Peer 1: 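Sending over a structure as structure tokens; questions will come in a sec.
Just so we're clear, the structure is a prediction, and the values are computed from it rather than from any experiment. When a ligand or atom number is given, it counts from 1 through the structure's own listing order.
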Amino acid sequence: MKTEFTRAIVRKPGPNFADGLTTSDLGRPDFDLMNTQHDAYVRMLRELGLAVTVLPPETGFPDAHFVEDTAVVTPDIAVITNPGAPARQGEEKTVEAALAGYRTLARIEPPGTLDGGDVLMVGSHFFIGISERTNRSGAEQLGGVLSRYGNTWMPVSVGDGLHLKSGVNIVGPNTLLLTETFARMDAFAAYEKILLDPDESYAGNSLLINGHLIVPQGFPRTQAKLESLGIPLHVLDVSEVRKMDGGLTCLSLRF
Ligand code: CIR
């Protein structure tokens with residue numbers, strides 16, 4: 001179940017990034033601080049050994065630095081998505097060009113919609129969230145492609161959250177960090193679980209890279225629970241990312 005990454009793609013936030021979609025009431029984010037946090041994120045990926053491609057901002061798409069939503073990259077293939085928010089459709093074009101040199105490409109076609117934030121890869125098994133962004137057609141199209149390459153997949157109802165990975169992520173070879181709602185689902189029965197305190201649910205969007213775990217700053221109880229895993233933890237401040245409903249996984253494609 002171990003997936004080793006060698007590369008990542010990120011995109012610099014544009015000066016109008018605060019015009020992106022958000023439901024948060026944490027206030028308007030600051031561009032300079034966002035850039036500082038984004039730079040620290042890129043540095044961290046490089047420290048963990050990844051070769052990072054940094055794409056330029058796309059000012060027509062204020063959410064475009066959330067590159068995770070535009071593709072699903074596996075060891076065999078890159079599936080370019082049709083993002084579920086109409087305002088984000090088109091962001092995938094430049095990501096497609098960046099991925100073309102590394103993987104065979106496939107695409108999610110309308111009426112299917114899918115955001116990469118709804119796709120949790122656990123080795124060769126994929127959980128695909130059905131959410132306000134990812135519909136059945138999108139999930140089935142992705143599942144069909146994944147199956148052709150010997151993977152298995154399963155749809156999971158996301159309910160209230162934005163994306164599947166807003167509430168469940170892999171933090172160890174067989175261990176998930178997740179909300180109580182996801183922990184109760186049969187889909188996740190076979191895994192070890194670390195439960196999120198309800199008031200620390202944002203920390204569910206932690207990012208495992210090659211045996212290192214990156215966690216958002218400001219969630220001490222989750223951090224203490226994760227320390228029990230005995231793997232190196234790295235804490236990053238993503239306050240400005242959070243104000244736009246994003247998190248650590250959203251900011252990159254890892255492969
Ligand atoms: C959006 O609503 O689409 C962006 N403001 C946030 C996307 C976060 N992406 C992710 O969780 N994968």
Peer 1: Taking the six-membered ring for Trp and the single ring otherwise, decide whether the centroids of Phe255 and Phe5 are under 6.0 Å apart.
Peer 2: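 No, too far apart.
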Peer 1: Would you say Leu48 and Leu233 are hydrophobically clustered, going by side-chain heavy atoms of ILVMFWY under 4.5 Å?
Peer 2: no
Peer 1: I'd like to check the ring-ring contact (aromatic ring centres under 6.0 Å, His included) partners of Tyr41; sequence neighbours left out, ordered by chain and number.
Peer 2: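 Tyr41: no ring-ring contact (aromatic ring centres under 6.0 Å, His included) contacts found.
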Peer 1: Looking at residues at least two apart in the chain, or sitting in another chain, which of them share a side-chain contact (heavy atoms from CB on, under 4.5 Å) with Phe61?
Peer 2: Glu58, Ala64, Glu91
Peer 1: Kindly compute the distance separating CG (Asp115) from OG (Ser131), expressed to the nearest 0.5 Å.
Peer 2: 6.5 Å
Peer 1: Could I get the full list of side-chain contact (heavy atoms from CB on, under 4.5 Å) partners for Lys193, not counting sequence neighbours?
Peer 2: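 Lys193: side-chain contact (heavy atoms from CB on, under 4.5 Å) contacts with Leu178, Ala183, Phe188.
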Peer 1: Less than 3.5 Å apart, N/O on ligand 1 and N/O on the protein: could you list those pairs with the distances?
Peer 2:
unit_1	atom_1	unit_2	atom_2	d
ligand 1	2 (O)	Arg133	NH2	2.9
ligand 1	3 (O)	Arg88	NH1	2.8
ligand 1	3 (O)	Arg133	NH1	2.8
ligand 1	3 (O)	Arg133	NH2	3.4
ligand 1	5 (N)	Leu21	O	2.6
ligand 1	5 (N)	Asp63	OD1	2.9
ligand 1	5 (N)	Met244	O	2.8
ligand 1	9 (N)	Asp69	OD2	2.9
ligand 1	11 (O)	His163	ND1	3.0
ligand 1	12 (N)	Glu68	OE1	2.9
ligand 1	12 (N)	Asp69	OD1	2.9
ligand 1	12 (N)	Asp69	OD2	3.4

